[in-house]
Structures are given as C-alpha cells and as structure tokens.
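Okay, so here's the structure we're looking at.
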Amino acid sequence: MRVAGLSPQVIKALFSTQYANMLEYRAEIALWALSGVLPFIMLTLWSQHDGGNSLAYQGSDLSRYFLSAFLVRQFSVVWVVFSFEEDALFGRLSPYILQPLHPLWRYVASHLAEQVTRFPFAFGIALIFFLLNPASFWLPSFWQLLLAWLATFFSFTIGFLLQSLIASLCFWNERASALERLLFVPYLFLSGLLAPLIAFPSDVLKFANWTPFPYLIDFPARVLAGLPVDILSGFLSQLFWIFCLLPAVLILWRLGVRRYTAMGA
Amino acid sequence: MCGATQLWELEMGRYLTTMRLFWSNAFGVLLEYQFNFLIEFFAMLASLIGSIFILSLFFVEGQSLGGWSWEAALVVQGFYTLLDGVTNTWLRPNLGAIVNYVREGTLDFVLLKPIDSQFWVSVRTLAPTGIPEIALGIVLILWAASKAGAEFSFGVLFVTSMMLLVSCIILYSLWFLIAATTIWFVKTWNATEVLRALLAAGRFPVVAYPPILRIIFTVLLPIAFLTTVPAEVILGQSATYTLLLGWLLALIAFFLSRIFWNFALSFYTSASS
C-alpha cells in the first residue's frame, strides 16, 4: 500500500540511507549548528540594553525567548533549493524523476535525517547556555514540549514548501537559488530571529503578521519558552500557509517537469 | 641593484596584468546573468532596510545603544554594509572556492603555476553583484557621519581610509585562515558560515556588548577593528594608539595567514593520493 508514493519500506530505506549519509558529515553539521549563534549575539545586546522595558520581555524571559528561537531555527533550517539546483545542474535529477516517488520526498528525508543528526549538537549548545546563564533554566511541560515540537515541525514544513516553490523555478532558470535571497531577507528580519516581534512597532507587526515569517520562529519560540501566545490562531495561521503553499508547489512542479531537459545527460 | 628593481617592477606588472584579466573576465560572466544582478540588488536593499529597522528598535523612547547616538550607530552599520559588500564581491567567491580546488584536486594546477598560490586563490575572480552594496555602505557612512556632526577634513578622510584598509586586511586574513583549514577538513567550508555569523556582531558598536564579549571582540576576534574603530575615526573620537594597534593587528593577521597557508600546503597530498 502506497500513499503519495510512500510505503513503510520506502520510508525506512529513504530515512536510513539519508541518516547514514548525514552521520558521515557530523563535523559539518556541528558547524552548521554553531553558525546559528545569531540569536545569542542579539540576546547579549538586548539584555545589555538599558531600555529592556520597551521590550516587554525581561531577564530570564528574554533569555528563554532567544534560546527557543535558536532551537526552533535549528530544527527548521531548510536548504532544499540548493540541493535541488545542484542535482538539476549535474543531471542527477533525471533518475529521480523516473522513480515512482516524488523527488521532493528524498529531500524531505534528508532534512529530517539532518535534524536527527543535529539534535545532540543543539542539545549541547542549550546545556552550555544554561551553564553560563543558570537563572534562565526552565523545563517545559510535556504538553508545552509537544505543542512546541508541532509548531516547529509546521515551521519546517512552511519553510520547506516556500523553498520548494523557488526550487521548482529551477526548471525555468538554472540559477533560481539566487531568488532564495529574496526569501531569506524578509525571513531574517520578520521571523523574530533578531528581535521578538513584540518589540516591533504596531504597524510593522501588523504587516509581518500578514506574511508567513512570524510563524516560522516567533510563534514556535514563544510556545517553547512558555511566553504568552495565542496558540489557536498561531496553529491556524501555520495550517493556512501550508494549505496554500502545498498545491502551489505541486502545480508548479508538474508544469516544471514538462520543461525539464535533463541537463548533463 | 638596478637589475633587481627592474625585476621587481616586472613581477608587479605581471601580477597586476593577471589580476586585471581575472576581473575583466568576472565582469563578462556577470553580463551573462543580468537578472541575478537585479535580484541581488533588491535583496541587498531589503537587507539594509531590515538592518536599519532592527537597529531602530534599540532607539525607541530616546534611548542610546551603549552610549552611541542613532546617527553614530548608523555609521557603524554603514561600515558593516561596506565590509559585507567587500566580502560578497571579493572574499566569498574566491576563498569559498578553495574547498572545490582541494576536493577536485585542481589545487595541483594552481600550485604548478608560476605565480604565488595565495595570490592566485585570493584574486581569481570577483562577484560584481556586491559592488552596489559597497557604494551604498559608503553613502550611508558619509550621510550618517555628517548628521552626527563629523567634519570631513582631508586628515580625517585619510585616516579613515587607512583604517578601512586595516579592516579589509583583518577581514581577509580571518577568512583566509578559515578557508585554508579546508586543506585538512575538505567538507568544512561552512566554517566560513560560522565566521559570517560571528562577524554579524559587527553591525553594532562594540560597547553595546557585555564586557567579556567586548574583550573577545577586540583581542580574540577583532570585530571591533572592523566596524567600530573606523566609525570612531570618522566621528573624530578615536585615540592614536588604537590606530597603531589596528595596523599592528592587521600586519600580524596578514603574516599569520601567509605562514598558515604555507604550513597547510605542506599537508596537501593532492586528490587521488
């Protein structure tokens, strides 16, 4: 029995090969984990800033927010457009397209395998964070953790779909990964990675809430940190974006494959 | 004696000609991808607007950032933009490619060329898409500095450009040191991403950080000399000794990168061996 080309055996094979592949490059993944230090740099700035009052989060709340933002980012990083562009350019895509499995599943598996490999490093960084800053220690409850995990997973899904949309454009222009920059810039500034959205002026906040970006970092991070957040509307917004993006990706992909000329073949 | 000078001039000429060829080639490639140039330009503009927005969050209700005024902090942001442009134009395309030379074994051909290998890998190409970012950085620096009440005498501009040179040398050396480690660890090109993430701390004046980070950013990872010190110079707030220290650091960093490259090369065993 196969659903969307997937059966338990296929899932197992995909995941175990990708996991073995990722384990080979664990040093690289450790470095990727480290390269996510930006929220910590911003935390030192915000906590040093005399006007922390304007931020509504203070002391340990602020630390928890940025640690959560770091963790959410760790488990929602997406790079499918880069892998895809390389595969398309080098002609590796051709055999994938022939298989009775949507090629995007392969990338999904590699991202999930990478997250599993990344887990110990992210965990280690969180431990070091608590050692340096013991006052901010907190243990989320089981339900909080479950909801945060779900929100992070949805965040990953939205990010993955957004990038897949751009990746599908590679069928038209082989340098489409340049378009990813246009996605990354608003992500960086509107997702809450650099400053909690609560610190934004209300006009900007209103604008940001119309984009998918706040649901990628700010919402899951607030759930994880146990800060006040509208859980229902957050999840509904996440699902809204997923249901908008999924058909768009599938349609664009279908149109693109027709144009595929098997480069490198 | 005369012969030696002539020989040196000839050598310099040869290196300059090589560089000109490399870079005109890079511009030719750019014209192939005009659309990408446009995208990069928009992304850069949006990124600058975003950075200034985040910076503005620190200045609500008349607060300051570590004692720096809004205009002065913008000068720092300008220097960051300028250096980011330098990174995107020059450092990333060249030093990011070293890992490919090592992995594919093409470093062999570089080493066999009758030209200095560090020179070759450092100036092989140029990504002109970053040039507007450099220009925008300069405009931001001059505009914000004049708003902050800086006086643009010849002396100030001269010392500022000297300090900018120091920042570029330090930045280059840091990138090069990291990039050279790929000789051992082929797959760790993303170490440069870690460096990039840390250098993002240079968006803000170094006094805005807690004391321990201030020390780290001055001595261990001289981010202070990349953006804060040049900003202080153009605002006329810097002490002479910081300038001398900057030059000393730049020279040390450059020679370290040179020594380290030769050291790393002694471990290079070519791709198939």
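The chains referred to below are lettered A, B, ... by the order of the sequence lines, with proteins before strands, and numbering in each begins at 1.
Within 6.0 Å of CD on B/Q237 lie more than 12 heavy atoms contributed by other residues, nucleotides or ligands. Residue B/F42 qualifies as open at atom CZ: its count of foreign heavy atoms under 6.0 Å is 12 or below. The neighbour count for A/F123 CZ, taken as heavy atoms of other residues, nucleotides or ligands under 6.0 Å away, does not exceed 12.
In plain terms, the two heavy atoms of B/L57 and A/P201 that are nearest each other are CD2-CD, 3.8 Å. Of all the heavy atoms in B/A197 and A/I41, the pair that sits closest is O-CD1, 3.5 Å.
Note on residues 74-100 of chain B: pairs passing ring pair (Phe, Tyr, Trp, His ring centres under 6.0 Å), not counting sequence neighbours, are B/W90-B/Y172.
Applying the ring pair (Phe, Tyr, Trp, His ring centres under 6.0 Å) rule to A/W172 yields no partners; only residues at least two apart in sequence or on another chain are considered.
The contact list for residues 203-228 of chain B toward chain A, using heavy atoms and a distance under 4.5 Å, reads B/F204, B/A208, B/Y209, B/P210, B/P211, B/L213, B/R214 by residue number. Within residues 179-190 of chain A, the residues having any heavy atom under 4.5 Å from a heavy atom of chain B are, by residue number, A/L179, A/R181, A/L182, A/V185, A/F189.
With a threshold of 4.5 angstrom between heavy atoms, A/F200 approaches chain B through its backbone and through its side chain. Contacts of B/S51 with chain A are made by both backbone and side-chain atoms, with heavy-atom separations under 4.5 Å.
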Report the C-alpha separation of A/L194 and B/F53 in whole Å, then their side-chain angles, then the decisive distance to 0.1 Å, and conclude whether the side-chain contact (heavy atoms from CB on, under 4.5 Å) test is met.
-> CA-CA 11 Å; A/L194 302 178; B/F53 166 68; over 6 Å; no

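Atom OG in A/S35 sits 9.5 Å away from atom CG in B/L198 (nearest 0.5 Å).
Taking chain B as the reference chain and counting heavy-atom pairs below 4.5 Å, the highest number among A/V204, A/T44, A/L34 is found for A/T44.
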